[in-house]
S.K.: 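Starting off with a structure, shown below.
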There are 2 protein chains.
Amino acid sequence: MTDTARSTTRYGTRPTMKDVAARAGVGLKTVSRVVNGEPGVTPDTERRVQEAITALGFRRNDSARVLRKGRTASIGLVLEDLADPFYGPLNRAVEEVARDHGALLINGSSAEDPAREQELVLALCARRVDGLVIIPAGTDHRYLEPEIAAGVATVFVDRPAGEIEADVVLSDSFGGARDAVAHLIAHGHRRIGFIGDQPRIHTAVERLRGYRAAMDEAGLPVDESWVALGSTEPERVRSAAEAMLDGPAPVTALFSGNNRVTVTVVRVLAGRPRPVALVGFDDFELADLISPGITVVAQDAARLGRTAASLLFRRLDGADEPPQQRVIPTRLIPRGSGELPPPA
Amino acid sequence: MTDTARSTTRYGTRPTMKDVAARAGVGLKTVSRVVNGEPGVTPDTERRVQEAITALGFRRNDSARVLRKGRTASIGLVLEDLADPFYGPLNRAVEEVARDHGALLINGSSAEDPAREQELVLALCARRVDGLVIIPAGTDHRYLEPEIAAGVATVFVDRPAGEIEADVVLSDSFGGARDAVAHLIAHGHRRIGFIGDQPRIHTAVERLRGYRAAMDEAGLPVDESWVALGSTEPERVRSAAEAMLDGPAPVTALFSGNNRVTVTVVRVLAGRPRPVALVGFDDFELADLISPGITVVAQDAARLGRTAASLLFRRLDGADEPPQQRVIPTRLIPRGSGELPPPA
DNA sequence: CTGAAAGCGCTTACAG
DNA sequence: CTGAAAGCGCTTACAG
């Protein structure tokens, strides 16, 4: 049956309310009432309509409905990479909130490319999503102004919007980084390296600021060879780490600026005879099972997502407050690698 | 400006082609031509229309377009949990293929709940997605028959569809499990335990079948206390592992049925004095940095996603072949834990 | 090169 | 309790 049915009814042949109405011998509006569970239909009429619906395999076309209703009951989430485990819990948290509000989630990766971010965001606006949760790749979001003015609720997460005022939900990158570095200092380190993400990324800059603040508060000088911002490609991170460890002013501890950097640094350190202390920004699975366990500054990615999505739906429910900034605290989790002392 | 503009133009006040036409002093169809880059508009007219578009902040409403065009240029992906790192690369791969075909991706988690899967899938059908990629939670997909008959292309991934014929892309669970267990046997083990997912999940059953086949081929008996299928909750896995290790016929090696099981088993083994061999189904980040490195049977999740999405778009492009089944090979990666010998 | 009319599948506003 | 008409914002098919 499948093949024939498929080839003959393949496209555009779905039954409509009009078809159901004709088959049930009622008006269009009556079908609409039954489909939407509105009152004012006799049980007998309702039954006839239900039978026609079942017989024809009718399913309401929500994209027609949307056109009349205004709201699409869908939101967009633009993040950097759907494959990055850091974004999984955030993604899921946004989905749960959307689901609670009866909305679907359209997802996309910017691949850290501002042009791709813009293309994706504007495609979502063209689909008339009710709102957007954006982890920005770009630094200029003025392209969103007409959309926001037209009523597209927009919340930025993890990094702030550029050149426009908008709601934003951030982790405490500065505070978390300062805690991490202060932790290493408290364990006796004086020469500490920082390997972070590209300097155009807000969190990288904030974490560098936290690193400098902790060093400064302890009265420790920072040799500029101890700071390396750049891509998170393994080769770049590896050579940055090696330069710091083997350079003229070798570091005794490293602070890595995000989970991708940490992973590479762990690999580099695993191949070395002498232990080097390490604290990483971002937690990751099994960090406690490596030996020593990796001390991290954990972000609460699920809470980041939940907070952003809740804010979004508050806006959609009509909240008309000025743009807000929410900061989610981080948590230092000691596991061993950050408590290693400097060599005697 | 933002606040006033937002509160006055908040909803439903986006400019339409009609507004653009009025402002540019042209007909509706001319605006449509300019917006869609169709030929047959003089440069001068085009310029006037473009000016009106910019002045009004017009953006074409794709959801109206969709209603006329038939295709929505969107596909749905229903997986188990957006937060699960295993699905990240699959998700991203599906997105990339969708993007190559100009389609957006609507995402959702079934939370391993058949009712929620169905609800989500039917909501996607109501939105008239062109196609669906489904990692099924349920075992009866007859509810999809009218949708498939109406032309919704559907591809199942990771687990087959239940009670209907449909395209499916699977990892070689049976072969991978057999390889894993044969590997342990080759390293001298005779008493090997298997801790897997719930028996209603197809992959769990296939992997159990692979386990039994390998044992059988080696002429080894299987004590039924060595097999435990069930939830992947840490408590369940922990007690299953402990029962096998401390029971009357203690195992010397474990084969864990998926990444969540493996993670818990690694934790259990880390707390034990005597080394126990382990091979896990599914690779995970940093598996090589734990000591010993965790030997795994790796699935190619990205290829799973890419294959499924490509098949989907082939269907959308009119391919009218009978339902296909594609099997993606797995790969055993020895890292140490699977090469541990049994105690002397 | 340009545009008026009809229609996609629903909901809204209204009348009986 | 029921339904005919108008309209959401586009595209299609056609005419000038």
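Lettering of chains follows the sequences in order, A, B, ..., and the numbering in each one begins at 1.
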S.K.: What is the distance from CG of B/Asn61 to P of D/dC8, rounded to the nearest Å?
M.R.: 12 Å
S.K.: In terms of side-chain heavy atoms of A/Arg33, which of D/dC10, C/dG3, C/dC14 is nearest?
M.R.: C/dC14
S.K.: How far apart are the C-alpha atoms of A/Asp81 and B/Arg92, what are their side-chain angles, what is the distance that settles it, and do they pass the salt bridge (charged side-chain N to carboxylate O under 4.0 Å, His left out) test?
M.R.: CA-CA 7 Å; A/Asp81 182 358; B/Arg92 176 70 192 267; 2.5 Å; yes
S.K.: By the 4.0 Å heavy-atom rule, please label A/Ser63 as base, sugar-phosphate, or nothing.
M.R.: nothing
S.K.: Do the side chains of B/Asp44 and B/Arg47 get close enough for a salt bridge, i.e. N-O under 4.0 angstrom?
M.R.: yes
S.K.: Quick one: do B/Glu46 and B/Arg33 make a salt bridge, cutoff under 4.0 Å?
M.R.: no
S.K.: What is the distance from CD1 of B/Ile53 to P of D/dC10, rounded to the nearest Å?
M.R.: 10 Å
S.K.: Ignoring the backbone of B/Leu28, work out which of D/dC10, D/dA6, C/dG3 is nearest its side chain.
M.R.: D/dC10
S.K.: Given atom NZ of B/Lys18 and atom P of C/dG3, what is their separation to the nearest angstrom?
M.R.: 16 Å
S.K.: When you measure from the side-chain N and O atoms of A/Thr42 to the phosphate of D/dT2, is any distance below 4.0 Å, counting only OP1 and OP2?
M.R.: yes
S.K.: Can you measure B/Lys69 atom NZ to D/dT12 atom C1' for me and round it to whole angstrom units?
M.R.: 9 Å
S.K.: Could you write out DNA chain C as dot-bracket? Rules: Watson-Crick or G-U wobble, both distances under 3.5 Å, brackets [ ] for crossings, | for pairs with another strand, dot for unpaired.
M.R.: |||.||||||||.|||
S.K.: Measure from the side chain of B/Lys29, starting at C-beta and using heavy atoms only, and say which of C/dG3, C/dT12, D/dT2 lies closest.
M.R.: C/dG3
S.K.: Would you call B/Arg116-A/Glu96 a salt bridge at under 4.0 Å N-O?
M.R.: yes
S.K.: Is any side-chain heavy atom of A/Met17 closer than 4.5 Å to a side-chain heavy atom of A/Val35?
M.R.: yes
S.K.: Would you mind reading off the distance between B/Arg68 atom CZ and C/dA5 atom C1', rounded to a whole angstrom?
M.R.: 11 Å
S.K.: Which listed nucleotide (D/dC10, C/dT2, D/dT2) is nearest to the side chain of A/Val41?
M.R.: D/dT2
S.K.: Among D/dG9, D/dT2, C/dC10, which nucleotide has an atom closest to any side-chain atom of B/Leu67?
M.R.: D/dG9
S.K.: Pick base, sugar-phosphate or nothing for B/Val66, based on heavy-atom distances below 4.0 Å to the nucleic acid.
M.R.: nothing
S.K.: Go through B/Val20 and B/Thr16 one step at a time and tell me if the side-chain contact (heavy atoms from CB on, under 4.5 Å) criterion holds.
M.R.: CA-CA 6 Å; B/Val20 174; B/Thr16 69; over 6 Å; no
S.K.: By nearest atom, which of the nucleotides D/dT11, D/dC10, C/dC10 is closest to the B/Ala64 side chain?
M.R.: D/dC10
S.K.: At under 4.0 Å between heavy atoms, what does A/Arg60 touch on the DNA or RNA strands: base, sugar-phosphate, or nothing?
M.R.: sugar-phosphate
S.K.: Could you tell me whether the phosphate oxygens of C/dT11, OP1 or OP2, come under 4.0 Å of any side-chain nitrogen or oxygen in A/Ser32?
M.R.: yes
S.K.: Given atom CZ of A/Phe58 and atom C1' of C/dG9, what is their separation to the nearest angstrom?
M.R.: 8 Å
S.K.: When you measure from the side chain of A/Asn36, which nucleotide among D/dT11, C/dT11, C/dC10 comes out closest?
M.R.: C/dT11
S.K.: Assess whether a salt bridge exists between B/Arg99 and B/Glu95, defined as any Lys/Arg side-chain N lying under 4.0 Å from an Asp/Glu carboxylate O.
M.R.: no
S.K.: Quick check for you: among D/dT2, D/dC10, D/dC8, whose closest atom lies nearest to any side-chain atom of A/Thr45?
M.R.: D/dT2
S.K.: Do the non-hydrogen side-chain atoms of A/Phe156 and A/Leu144 ever get within less than 4.5 Å of each other?
M.R.: yes
S.K.: Please state how far atom CZ in A/Arg127 lies from atom P in D/dG9, giving the value in whole angstrom units.
M.R.: 18 Å
S.K.: Send over the distance from A/Glu38 CD to D/dG3 P, rounded to a whole Å.
M.R.: 14 Å
